[in-house]
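Sequence positions, counted from 1, serve as the residue numbers for this chain.
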Amino acid sequence: MPNLVNLENVAIAFGGPKPVLDGVSLGVDTGDRVGVVGRNGGGKSTLISILAGRLLPDDGRVSPVRGLRMASVTQQSQPTGATVRASVLGGEIPDHEWAADARSRTVIEGLRPGGDRGLDASVQGLSGGERQRIALAAALVQELDLLVLDEPTNHLDVEGVRWLAEHLLARRTALVVVTHDRWFLDTVASRTWEVVDGKVEQYEGGYNDWIFARAERARLADAAEQRRRNLARKELAWLRRGPQARTSKPRYRVEAAEALIADVPEPRDSVELVTMARHRLGRTVIELEDATLRLPDGRTLVDRQTWRIGPGDRMGIVGINGSGKTTLLKALAGERDLDAGNRVQGTTVRLAHLSQDLSDLPLHRRVLQAVEDIAERVFIGGREHTASALAERFGFPAARQWTPVSDLSGGERRRLQLVRLLMTEPNVLMLDEPTNDLDVDTLQQLEDILDGWAGTLVVVSHDRYLTERVCDRVVALFGDGRITDLPGGIEEYLRRRDQQLETSAGPRPVASSSASSASGTREADRRAARKEIARIERRIEKLDSREKQLHTLLADAANDPGRLLDLDAELRALVAEREGLEEQWLEASVD
């Protein structure tokens with residue numbers, strides 16, 4: 001593939017004792033989709049700033065191809081015009097002109113950069129998240145060779161994240177994206193760069209492949225270290241260098257990856273945790289009785305709803321931006337009064353609420369002091385943690401624990417906020433967008449702690465991976481005044497949102513044009529195909545599970561001829577059905 005941009009021995013230090021990047025050499029080819037991961041402050045944004053030409057390295061060379069068409073959207077990108085229209089389209093382009101361009105129409109209808117205010121809204125007074133959406137839309141409407149994005153999902157809801165992933169996959173533009181959203185990373189990335197200790201480790205595939213490869217690399221490193229320390233293995237090492245070993249080439253296989261996780265237990269025992277939570281919380285946790293809740297703009301968020309959250313419940317709340325998720329969470333936490341109805345809280349409840357506001361941190365204290373101000377020790381998941389140990393789990397090594405809080409980055413302050421929250425030993429935890437500004441390693445630590453945490457959990461997050469991982473139930477706000485339970489989780493939410501948009505009253509802007517109608521028909525066909533593929537895959541999974549059971553039953557019924565015949569007939573029918581489903585899957589995928 002033609003090369004677009006190269007980095008050769010790039011280094012940059014910002015005057016510190018350790019370089020942020022040290023001797024980094026890599027390149028981006030046409031069609032590459034690269035996800036960039038690493039710890040907060042590890043150099044991810046620095047790397048893509050150098051790649052995009054916004055920052056000059058101290059040493060090394062950056063070589064873009066001649067005539068490279070590139071756009072870059074950072075967390076500090078701002079609208080360039082007085083109105084949304086001018087910022088996105090580069091001028092006051094009339095509707096009939098931009099609607100005639102398929103790319104502009106798709107981006108504006110899908111991303112809705114002006115929100116309910118439309119394209120003619122002034123950018124003055126818009127929130128930071130709204131400005132980021134405008135900057136993202138302005139980049140996506142262009143014809144590009146390379147698109148560089150820094151945390152593009154931060155201000156998108158679940159539906160917006162899905163749209164962005166599908167849009168990026170549909171276009172041929174090369175992509176380099178820094179993101180902590182694991183679902184997004186796994187969906188769009190064909191390669192992964194991990195920035196660690198000034199170097200960039202490169203992996204094939206998205207998040208899942210990166211996790212497997214990193215685990216395998218760590219296993220091999222541990223094995224090498226053991227061989228160095230254990231002289232008794234010298235003979236084995238010598239034998240492995242024999243002729244037989246030289247004739248075989250190592251390959252990465254699925255079996256090797258599965259072996260890494262063969263003995264790992266399930267993330268959590270839900271029954272045991274619920275039982276523990278009942279002992280700690282009692283029967284009543286938080287209940288909204290015949291509750292009515294209105295938003296500041298007059299819309300009714302909840303209309304005479306009764307909602308009970310019990311001991312051990314692990315609840316995720318989803319909805320589009322502006323649907324009222326944060327307002328509902330504040331009402332649950334008792335920080336916002338109901339407009340009607342009652343809120344009941346159990347007498348044993350110790351509630352902790354992680355808001356999106358970082359103003360509660362003591363800027364005059366150091367990190368460890370700020371944690372020990374809450375408590376010096378805490379019990380989580382049946383184990384005792386010191387303040388220092390818990391801070392270290394969330395990315396504050398011993399040397400960093402004496403850093404003034406005022407010197408921390410936004411991501412580090414978010415991590416500190418989480419540590420302080422957990423040190424209060426709550427039994428009811430409410431998290432509002434906990435993934436904002438957190439790196440992937442910190443998210444893994446948070447999920448690991450929540451897996452063994454015996455309490456009630458309510459999460460508002462656009463991070464699909466985190467919601468599906470830590471929550472057992474998902475509810476949605478569809479704007480109809482109800483809190484809707486979704487047994488099918490995020491997939492059911494997205495399916496219902498698709499149906500809601502298809503049946504909503506009134507045509508969307510420019511929907512009357514023939515091009516828009518054709519685009520809408522194609523999009524509907526693609527959604528239908530995706531649903532059909534998902535249905536087939538779920539059915540195949542069930543058949544695979546039943547086939548394993550049948551093989552076990554056949555072995556147990558070896559001395560029962562009648563039973564053997566029945567089981568064999570069922571197995572044959574199952575195999576035939578699965579073959580038919582696999583053919584349907586192939587047809588749907590090709591279409």
- Task: Give the intermediate values and the outcome of side chain to side chain contact (heavy atoms under 4.5 Å, CB included) for residues L51 and V62.
- Result: CA-CA 7 Å; L51 188 74; V62 181; 5.8 Å; no
- Any donor-acceptor pair under 3.5 Å from D22 side chain to A11 backbone: no
- How close do V123 and S87 get, heavy atom to heavy atom, and via which atoms? CG1-OG, 3.9 Å
- Query: If you look at every heavy atom in A370 and V405, which pair is closest and at what distance?
  - Reply: CB-CG2, 4.1 Å
- Note on the structure: Between the OG1 atom in T173 and the CE atom in M70, the distance rounded to the nearest 0.5 Å is 12.5 Å
- Interatomic spacing from CZ in R413 to OG in S406 - rounded to 0.5 Å: 7.0 Å
- Message: Counting C-beta onward and ignoring hydrogens, is there a side-chain heavy-atom pair between Q345 and R343 closer than 4.5 Å?
- Response: yes
- Query: More than 12 non-hydrogen atoms from neighbouring residues, nucleotides or ligands closer than 6.0 Å to CG on D407, yes or no?
  - Reply: yes
- Ignoring hydrogens and geometry, is there a side-chain-to-backbone donor-acceptor pair from K325 to I320 under 3.5 Å? yes
- Is there a donor-acceptor contact under 3.5 Å linking the side chains of D432 and T326? yes
- Under 3.5 Å, side chain of S49 to main-chain N/O of S45, donor-acceptor pair present? yes
- Message: Tell me if the CG atom of D373 is crowded by more than 12 foreign heavy atoms within 6.0 Å.
- Response: yes
- Would you call T192 and D209 a side-chain contact if the rule is heavy atoms closer than 4.5 Å? no
- Message: So L146 and V28, do their side chains get closer than 4.5 Å, heavy atoms only?
- Response: yes
- Under 4.5 Å between any side-chain heavy atoms of V440 and W210, yes or no? yes
- Query: For L56, does the CG atom sit with more than 12 other heavy atoms under 6.0 Å from it, leaving out its own atoms?
  - Reply: no
- Message: By the definition side-chain contact (heavy atoms from CB on, under 4.5 Å), identify the one residue from L168, V177, L136 that meets it with L147.
- Response: L168
- T83 side chain vs A86 backbone, donor-acceptor pair below 3.5 Å: yes
- Query: Atom OG1 of T435 and atom CG of N154: how far apart are they, to the nearest 0.5 Å?
  - Reply: 7.0 Å
- Task: Inspect the contact between E392 and R400 and indicate whether a charged nitrogen and a carboxylate oxygen are less than 4.0 angstrom apart.
- Result: no
- Message: For a 4.5 angstrom cut-off between non-hydrogen side-chain atoms, does H353 reach E335?
- Response: yes
- Indicate yes or no: does R182 engage E447 in a salt bridge with an N to O separation below 4.0 Å. yes
- Task: Locate the shortest heavy-atom distance separating H462 from D181; write the atom from each residue and the value.
- Result: O-OD2, 4.0 Å
- Query: What's the shortest heavy-atom distance between E151 and T179, and which atoms?
  - Reply: OE1-CA, 3.5 Å
- Message: Do E194 and V200 make a side-chain contact, defined as non-hydrogen atoms from C-beta onward lying under 4.5 Å apart?
- Response: no
- Query: Around atom CZ of R69, are there more than 12 heavy atoms of other residues, nucleotides or ligands at under 6.0 Å?
  - Reply: yes
- Item | Flag, side chain of D463 to backbone of Y465, donor-acceptor distance under 3.5 Å | yes
- Can you measure from CG (L418) to CG (L446) and round to the nearest 0.5 angstrom? 5.5 Å
- Could you tell me whether the side chain of K44 and the main chain of V195 form a donor-acceptor pair under 3.5 Å? no
- Query: L450 and L431: side chain to side chain contact (heavy atoms under 4.5 Å, CB included), yes or no, with the steps?
  - Reply: CA-CA 11 Å; L450 294 178; L431 306 177; 4.2 Å; yes
- Query: Between the side chains of R415 and Q417, is a donor N or O closer than 3.5 angstrom to an acceptor N or O?
  - Reply: no
- Message: Apply side chain to side chain contact (heavy atoms under 4.5 Å, CB included) to residues C471 and M315 and explain how you reach the verdict.
- Response: CA-CA 5 Å; C471 298; M315 196 85 63; 5.9 Å; no
- Message: Using every non-hydrogen atom in the two residues, find where D32 and G27 come nearest and quote the distance to one decimal.
- Response: OD2-O, 4.3 Å
- Message: Nearest 0.5 Å, please: how far is CZ in R112 from CD1 in I108?
- Response: 12.0 Å
- Item | Test item: R33 side-chain N/O and V188 main-chain N/O as donor-acceptor pair under 3.5 Å | yes
- Flag the pair L408 / L416 as yes when at least one side-chain heavy-atom distance between them is below 4.5 Å, and no otherwise. yes
- Would you say H155 and N321 make side-chain contact, with heavy atoms under 4.5 Å? no
- Query: At their closest point, which heavy atom of L140 faces which heavy atom of L111, and how far apart are they?
  - Reply: CD1-CD2, 4.2 Å
- Query: Can the ring centres of Y207 and F184 be said to be less than 6.0 Å apart?
  - Reply: no
- Note on the structure: The reported gap from CD in Q401 to CZ in R366 (rounded to nearest 0.5 angstrom) is 12.5 Å
- Query: Okay, side chain of S25, backbone of N9: is any donor-acceptor separation there less than 3.5 Å?
  - Reply: yes
- Criterion side chain to side chain contact (heavy atoms under 4.5 Å, CB included) on R162 and L494, from CA distance to verdict: CA-CA 9 Å; R162 182 189 65 168; L494 293 172; 3.5 Å; yes
